[in-house]
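Read the structure below first, then the notes.
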Amino acid sequence: MKFETLAIHKGNTNSDKNNPVVQPITLSTTFHHGEGEMLYTRANNPNRQSLEQVIAVLERGEDAAAFSSGNAAGTAVFQALEPGSHIVAPDDMYHGLHNSMTMLFKGVHEVSFVDMSNLEEVKKATRPNTKLFWVETPSNPLLKVTDIRKISELAKAQKALLVCDNTFATPVFQNPLLLGADMVMHSSTKYFGGHSDILGGALVTKSKNDFWEKIKTVQKVGGAVPSAMDCYWLCRSIRTLAYRMKGHAEHAMILAEYLSVHPKVEKVHYPGLKSHPGHEVAAGQMSGFGGIVSFQIKGDAQRADQFISHLQLFANATSLGGVESLIERRAAVEGPDTKTPPNLIRISVGLEHTDDSLEDLDHAFSKV
Ligand SMILES: *Cc1c(COP(=O)(O)O)cnc(C)c1O
């Protein structure tokens, strides 16, 4: 079956004798002994099982594990690694997971942050005890593109794991497991949820190996699991994921093209543009370029803030992946150590009609 069909049917299992069309929410935390496969909701529950099943199928993996946030999912990988491991990770890694590594695993693992789109840098950073390569592509907020196939060759030669944060691309546009990655990570808070009202995360494995057993142990014993309610809402949202992503990408391309010829714009970052340095690699591993567009306005941080203050349709808020367009000056969110240019504005392009979004952008540009 095709993606759209799987997304609608694989996260919807009948668990009620009345045979409803939509799977009910099983709120019970406990289950009668000896009658089914469920015991206690931290270990498993019907809604989580459906969610893990649909995410695994869509990412072309053998199994998935759902977590209470994307950060909990990513952190589970660092928890499952043997202490003393060396990790090669992106220098522009999602800041929450960068913080997880540096604040929670300092003294446990060693980490080198490098430009993962530069293969020579990745090779140079590799050590005998390198056990994990972490890739995030396209990256946040510069939309840098990393060649997953090339990094997977390095990882295989090193007998190390390759994990790809696939939050920006989603399985609609990119399947890292088919490109050589061992595991995929998601913040389900973003496009999977799609409506800015659920926090969640997931890991998907290519095969159920020993490392995956450790991940499942971290999930069950660590207990950073999503509620049955959150799992229900995620299954519901994933049913429309393919169609939402097509809309996000179409709108993002329209906005990127508009911005790239605007006289008040210094630079646009969108992998769908031929001028983007990662365009060719992206075209070789993605079937669409996603819904995030960043641009640098001509001028300083203050000019960028002014521009944002004149927008009416775009909410000045962090996060991404919802049906509503969000905008923010990224450096202000990332704090004082950020390498993000101060005039960089990130847009999570929503599903409003682009005539309305372009009119709003035009109006704000006319005020600065
Ligand atoms: C948001 C995000 C995360 C973290 O997910 P949470 O659900 O906020 O914990 C990780 N990686 C990327 C690329 C993200 O955008």
Side-chain angles (χ1 to χ4, degrees), residues 51 55 59 64-79 87 89-104 113 116-117 132 134-146 148 163-174 176 181 183-204 218-219 222-227 230-231 233-234 237-238 241 245 248 252 269 271 278 282 286 289-294 317-322 326-328 330 333-335 338 340 344 346-350:
L51 175 64
I55 294 179
E59 274 295 4
F67 290 85
S68 53
S69 70
N71 248 45
T75 299
V77 177
F78 315 146
Q79 285 173 298
I87 303 166
D91 54 4
D92 58 351
M93 187 177 200
Y94 173 74
H95 67 109
L97 284 170
H98 178 283
N99 289 347
S100 169
M101 236 184 243
T102 56
M103 293 158 82
L104 303 181
F113 292 105
M116 298 299 287
S117 65
L132 170 66
W134 189 275
V135 163
E136 184 185 329
T137 181
S139 76
N140 178 30
L142 287 170
L143 288 309
K144 277 206 310 216
V145 177
T146 296
I148 300 172
V163 180
C164 180
D165 183 339
N166 205 30
T167 301
F168 272 39
T170 80
V172 177
F173 294 139
Q174 179 172 276
M183 210 179 280
V184 162
M185 189 226 109
H186 277 282
S187 167
S188 324
T189 314
K190 314 296 166 54
Y191 290 109
F192 281 3
H195 297 72
S196 308
D197 54 6
I198 311 165
L199 186 75
L203 294 173
V204 188
V218 171
Q219 181 197 28
V225 290
S227 69
D230 285 342
C231 295
W233 286 117
L234 277 170
S237 291
I238 285 171
L241 179 65
M245 289 316 297
H248 285 297
H269 307 270
M286 302 176 82
F289 300 104
I292 309 297
V293 177
S294 293
T318 198
S319 198
L320 58 106
L326 301 178
I327 199 159
E328 70 180 347
R330 198 58 203 160
V333 183
E334 292 177 344
T338 179
T340 300
L344 184 128
R346 187 187 77 184
I347 307 178
S348 171
V349 183

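Position 1 is the first residue of the sequence, and the numbers go up from there. Numbering of ligands and ligand atoms starts at 1, following listing order. All values reported here derive from a predicted model rather than from experimental measurement. The basis for the numbers below is simple: all heavy atoms, side chains too, and nothing from hydrogens, waters or symmetry mates.
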Under 4.0 Å from any heavy atom of [X], which atoms of ligand 1 are there?
X      : value
Asp165 : 10 (C), 11 (N), 12 (C), 13 (C)
Asn71  : 4 (C), 5 (O), 6 (P), 9 (O)
Met185 : 10 (C)
Ser69  : 7 (O), 9 (O)

Return the residue, atom name and 0.1 Å-rounded distance of the protein heavy atom closest to [atom].
atom                    : answer
atom 15 (O) of ligand 1 : Lys190 NZ, 2.7 Å
atom 6 (P) of ligand 1  : Gly70 N, 3.4 Å
atom 3 (C) of ligand 1  : Tyr94 CE2, 3.3 Å
atom 5 (O) of ligand 1  : Ser187 OG, 3.0 Å

- [ ] With sequence neighbours left out, write down each residue that passes side chain to side chain contact (heavy atoms under 4.5 Å, CB included) with Ala252, or none if nothing qualifies.
- [x] Tyr270, Val293, Val349
Open item on the list: With a cutoff of 4.0 Å, is Gly200 in contact with ligand 1, counting heavy atoms of the residue only?
Closed with: yes
Please set out all donor-acceptor pairs under 3.5 angstrom arising from side-chain atoms of residues 163-174, sequence neighbours excluded.
from   : atom 1 : to     : atom 2 : distance (Å)
Asp165 : OD1    : Thr167 : N      : 3.1
Asp165 : OD1    : Thr167 : OG1    : 2.6
Asn166 : OD1    : Gln174 : NE2    : 2.9
Asn166 : ND2    : Glu59  : OE2    : 2.7
Asn166 : ND2    : Gln174 : O      : 2.9
Thr167 : OG1    : Ser187 : N      : 3.0
Thr170 : OG1    : Val172 : N      : 3.2
Gln174 : NE2    : Thr137 : O      : 3.1

Open item on the list: Just checking Trp134 against Phe78, ring centres under 6.0 Å apart?
Closed with: yes
Open item on the list: So if I apply the side chain to side chain donor-acceptor pair (under 3.5 Å) rule between Glu334 and each of Thr318, Asn140, Thr340, which one comes out positive?
Closed with: Thr340
Can you tell me if [X] uses its side chain to pair, donor with acceptor, with the backbone of [Y] under 3.5 Å?
X      : Y      : result
Ser348 : Gly321 : yes
Ser117 : Lys144 : no
Arg346 : Ser319 : yes

Task: Part of Thr189 with heavy atoms under 4.0 Å of ligand 1, whether side chain, backbone, both or neither - done: side chain
